[in-house]
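See below for the structure under consideration.
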Amino acid sequence: MLIYRLIIIACGLLGINQVKAESNDFALSNVEHSIHGVVDIRVGYADTIDSYLDGGLGKLAANNGGQVALSQLGLSYHSQWGDAWSSRIVANAYVDGINNGIGLTEAMVRYRDIPSESGIRLDVEFGLMYPKISLENVATTWASPYSLSYSTMNSWLAEEVRHIGLSTTVESLGKYRQSAHDFSLTAEAFMYNDTTGAMLSWHGWTQSSRQTLLQETLPITAIPAMQPGGMLDEQAANSDPFKELDDRIGAHVVAKWTWRNNGSVQAGYYDNNADTLIVKQGQYAWLTQFGHIGAKWRLPMGINLISQYMQGSTIMTNTDGWPVVDNDFHSGYIMLSKRWSQHRVSLRVEDFSVTDNDDTPEDDNNEDGQSMTLAYQYQLDRPWFIQLEYNVIDSTRPARRYLNLPIDLIEQQWQLSSRYFF
Amino acid sequence: MAVLCISSVKLKSSLKMLLVSIVALLFTQRVLAQQITVLNQQGQPAVDLVVYLQPHNEANLVVEFVPVKAEVHQKDKRFSPYITVVQKGQEVAFVNQDDITHHIYSALGPKRFSFKLRNEQEQELILFEKSGHVSMGCNIHDWMSGHLLVVDTPFYAITDSQGQVVFDSLPEDDFTVQVWHPQLKLTDNQQSQTFHLPQEHPLTITLEAEFDSIPKQQSLDEFEFLEGY
């Protein structure tokens, strides 16, 4: 199995620093543990159709109507050995009456030493992890400090763009060069994500705070092409987003520039390098490639700008290499957020699409949409946040006619949340 | 004779008085305070700069007063104060006032160290045996930035909101007056001038260079529960 190759590479890279780590009291007696987490309870009302979480084509995590949910119980368990080594295991639980679940979302070991004399720092992680893309999901257990529902692009990462891999970041810290500019380059190699692209193709972009659990599989909308005799009739009813099918290693690189006191800009490219000729137990390998750019910038009047854009393609073929699903996609958001004393207001606008390039009948993946999110957060106590949020998504998706639903649809959601971080 | 005798006594008395006065005057000069004001290029008070004085006569480095014990705090994910100055051979206490772990390090300069302060109020004492600039960071919170200047003289201070420092007990000598700030755009981030001190009047020093932008010590994500993603 190639995963062993990844593990060997990881051990080799981490081993380079072993001697140094030993001098930093690498001893079991020095292990420190800590637990952090979040409890997010929401009441909400949604004007929508059946949720994608339940195999529908609704873009929200809620079904039509009112809802009370434990939207996230996240726990993050840290262990630290000496100065440079640590591990992190993140578990999440959801009780929403639509798709309840409890399981792991991340698990990794990390080596992060202090910078060298020349300001170079090495940061290596190995395990179940996200590619380093999201600029929103920076809080405990990958929550967003800004909004309850993540942007469509980061909701997609939460659903099916995660993997078991090795992430290596080399940073150059500007203060060692009498400079206000830091630079970093991250290279990631990964496996166990060969179906990435399936859900994006079959239900399109979504907007929620749901992170797929390690053992979870995702129900696919019952489109006509998946019925007996259709071109997709061998596809399993559920997609397994953490499946390794072709024993090939994918890659992601991202470069980041940070200008002290001003902001940061990043650009990256992702390629899961899947061999689309492979299919096992109804799980097809999807070749998914995209580029992404993002920026986080301090604007005047204490306003923060966070913006990301991704554009790419995903292809699934039959075992002869004939493209059955061949889609291009893009998603981008611009968010403005301002925090003052206990208040924070965030406004996010988004634009997204999927363009279906194949000729497969009864499987139209085209989609075009826009979204707006307005969130108000009040910090009741240091760890306790009350958040009121409104989302509206205006989208066109011809595939909705397969379910006798309107092709043009405006979905709206109001949520009131109590989030307690610890 | 009697008159002469009286005069002689008076003279002796006068001489004695004069001597006492001279000694007193010398003594007064020894404890004369010296105020120094630092102005930036625009003539505004330059705040939070280190001013330290190096006497040309090494004997004047020996003083009776005990230096104030220096503490560098980590509070609200910032180094507080941003700039600290101590004399060579002094210990500095690092105090974590946050309820999260900080990983304080210095990877450069005369003193290199790395330690974690895990709990609130946990302390670490570090002895600084060599003079020089110690740039400190936190390996968990990259935006945290603090500076420690270790000087080889007991005469040091940091300018207040008026750009002023006062040295209370200065021996009379020629001094190299050094003004230092980590963002001062000069060689070794400092400006040097020689003066004979103490002087009767306050001394004003005008900086010959601008400052680089001073770090805000603030994450781009203003949130208390960030997790290093």
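Numbered from 1 within each chain, the chains take letters A, B, ... in sequence-line order.
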Step by step, would you call Arg118(B) with Glu32(A) a salt bridge (Lys or Arg N to Asp or Glu O under 4.0 Å)?
CA-CA 9 Å; Arg118(B) 290 186 173 86; Glu32(A) 299 270 340; 3.6 Å; yes
Do the non-hydrogen side-chain atoms of Ser264(A) and Leu220(B) ever get within less than 4.5 Å of each other?
yes
Please report the closest heavy-atom contact between Ile214(B) and Asn261(A), naming both atoms and the distance.
O-ND2, 2.9 Å
Looking at side-chain heavy atoms only, is the closest gap between Asn139(B) and Pro115(A) below 4.5 Å?
yes
Does the side chain of Tyr229(B) reach to within under 4.5 Å of the side chain of Ser134(A), using non-hydrogen atoms?
no
Would Arg339(A) and Glu224(B) count as a salt bridge (Lys or Arg N to Asp or Glu O under 4.0 Å) here? Give the steps.
CA-CA 12 Å; Arg339(A) 185 180 184 179; Glu224(B) 289 82 353; 2.8 Å; yes
Between Lys132(A), Gln178(A), Gln80(A), Glu171(A), which residue shows the highest count of heavy-atom pairs closer than 4.5 Å to chain B?
Gln80(A)
Parallel, tilted or perpendicular: ring planes of Phe225(B) versus Phe421(A), cut at 30 and 60 degrees
parallel
So which residue, Glu222(B), Gln183(B), Gln217(B), Lys185(B), ends up with the most heavy-atom pairs under 4.5 Å with chain A?
Glu222(B)
Sort Trp142(A) into side chain, backbone, both or neither according to what part of it lies under 4.5 angstrom from a heavy atom of chain B.
both
With a 4.5 angstrom heavy-atom cut-off, which part of Arg112(A) approaches chain B: side chain, backbone, both or neither?
both
Side chain, backbone, both or neither: which part of Asp182(A) has an atom under 4.5 Å from a heavy atom of chain B?
neither
Between Phe113(B) and Ile114(A) the two heavy atoms that sit nearest each other are O-CD1, 4.4 Å
Within the distance-only criterion (no hydrogens, no angle test), does the side chain of Lys116(B) pair as donor or acceptor with the backbone N or O of Gly82(A) below 3.5 angstrom?
yes
Does Asp212(B) form a salt bridge (Lys or Arg N to Asp or Glu O under 4.0 Å) with Arg260(A)? I'd like the steps, not just the answer.
CA-CA 11 Å; Asp212(B) 267 330; Arg260(A) 189 175 66 206; 5.6 Å; no
